[in-house]
Amino acid sequence: MKNKPAFVATLKIRTVEGDFVAHYSSTGLARLDFPTAKTKGATTAPAAPPVTRWHELATRAVRQALQGRPMTATPPVDLSCGTAFQRRVWAALRAIPAGKTETYAGLAASLKRPKAARAVGGACGANPAPLFIPCHRVVAAHGGLGGFSGGLHWKRKLLEREAEEN
DNA sequence: ATTTCTGGCCTGA
DNA sequence: TCAGGCCAGAAAT
C-alpha cells in the first residue's frame, strides 16, 4: 500500500547548517531532505497559498529542531507514501518528546511486535520527513546509536543539542 | 569484552 | 520467493 503523493511544490529552507529541501503535496509536507551538494541547486518555485503557509511553519520548525528545541508548530505532514506498518511506527515516533530517546526494541514492543526491532529500523529509514518524524531519537537497545539514513553525524548533533536543552 | 552467529519481521524487487 | 536492513540476544572466542 504505497501510493506516491505528487509534489506540488519544492522549496528550500535555509539554515546555518545548510539548505534543506522541502517537498509539498496537496495535503502537506511530503518529504524533507538534508542539505547535500544537490540541495544547493535553486529549486524554488511559485507556491500556492496553503503551501506558503506550511513552508513558514516548516522553516521555523526545522530551525528550532536544529537548536534542539521542541517544535512549537508544524505543518501537516503527508505520510501517504508509507505502508500501514510504517505509519504506525512514524506515529509512535512523533510521541517521543524532545530530549528523550526510545529504543528500536522498545518501539517494537509498543507496537505489539516485540520481535520486530529490525523492521522498526527499516521503517525509520523509510521516513520521508526526518526532524518532523524524529527518527533520530531512536537508538539501539544497548547504548549504541544505531544508524541514520541522512548521515549519522546529524543524529549525533541533534541528540546532543536536545540533551543540552534539557 | 568483543566478535560471530541466529532468529525474526517488514520491504522491494 | 529472496535478499537485506538505522536490530537483539545468545553463543563462542
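Per chain, numbering begins at 1; letters A, B, ... match sequence-line order.
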Checklist entry - How many Å lie between CG on A:N3 and P on B:dG12, as a whole number? => result 12 Å

Checklist entry - Is there a donor-acceptor pair under 3.5 Å between the side chain of A:D78 and the backbone N or O of A:S25? => result no

Checklist entry - Which letter, B, S or -, goes with each nucleotide of nucleotides 8-13 of chain C from 5' to 3', with contact meaning a protein heavy atom under 4.0 Å? => result S-----

Next on the checklist: With a 4.5 Å cut-off on side-chain heavy-atom distances among I, L, V, M, F, W and Y, is there a chain of contacts connecting A:F7 to A:I13?
Outcome noted: no

Next on the checklist: Quick test of your reading: applying salt bridge (charged side-chain N to carboxylate O under 4.0 Å, His left out), list the pairs with at least one residue in residues 111-137 of chain A, sequence neighbours left out, ordered by first then second residue.
Outcome noted: A:R137-A:E162

Checklist entry - Rounded to whole angstroms, how far apart are NZ on A:K115 and C1' on B:dT6? => result 14 Å

Item to check | Sugar-phosphate, base or nothing in reach of A:F148, heavy atoms under 4.0 Å | outcome: base

Next on the checklist: Mind checking if A:A119 touches a base, just sugar-phosphate, or nothing, with heavy atoms under 4.0 Å?
Outcome noted: base

Checklist outcome for this item: For DNA chain C, the dot-bracket notation using Watson-Crick and G-U wobble pairs below 3.5 Å, [ ] for pseudoknot-type crossings and | for other-strand pairs, is |||||.|||||||

Next on the checklist: For a quick check of understanding: with a heavy-atom distance under 4.0 Å over all strands, which category does A:G122 fall into, base, sugar-phosphate or nothing?
Outcome noted: nothing

Item to check | Rounded distance in Å - CZ (A:R88) to P (B:dC9) | outcome: 13 Å

Checklist entry - Is a side-chain N or O of A:H55 found less than 3.5 angstrom from the main chain of A:T10, in a donor-acceptor match? => result no

Next on the checklist: If you compare all heavy atoms of A:P128 against all heavy atoms of A:L79, which two are closest, and at what distance to 0.1 Å?
Outcome noted: CG-CD1, 4.5 Å

Checklist outcome for this item: On a heavy-atom basis, the closest approach of A:V21 and A:H23 is CG1-NE2, 3.7 Å

Item to check | Rounded interatomic separation in angstrom, taking CZ from A:F85 and C1' from C:dG5 | outcome: 12 Å

Item to check | Heavy-atom donor-acceptor pair, A:W90 side chain to A:A123 backbone, under 3.5 Å | outcome: yes

Item to check | Interatomic distance where CZ belongs to A:R87 and P belongs to B:dT11 [whole Å] | outcome: 11 Å

Checklist entry - Whole-Å distance between C:dG5 P and A:L152 CG? => result 15 Å

Next on the checklist: Strictly below 4.0 Å: does A:R113 bring a side-chain N or O up to OP1 or OP2 of B:dC10?
Outcome noted: yes

Next on the checklist: Within the supplied structure, the quantity of interest is the number of heavy atoms (other residues, nucleotides, ligands) at a distance under 6.0 Å from A:H153 NE2; does it exceed 12?
Outcome noted: yes

Next on the checklist: Could you check, using the six-membered ring where one of them is a Trp, whether A:F34 and A:F20 have ring centers closer than 6.0 angstrom?
Outcome noted: yes

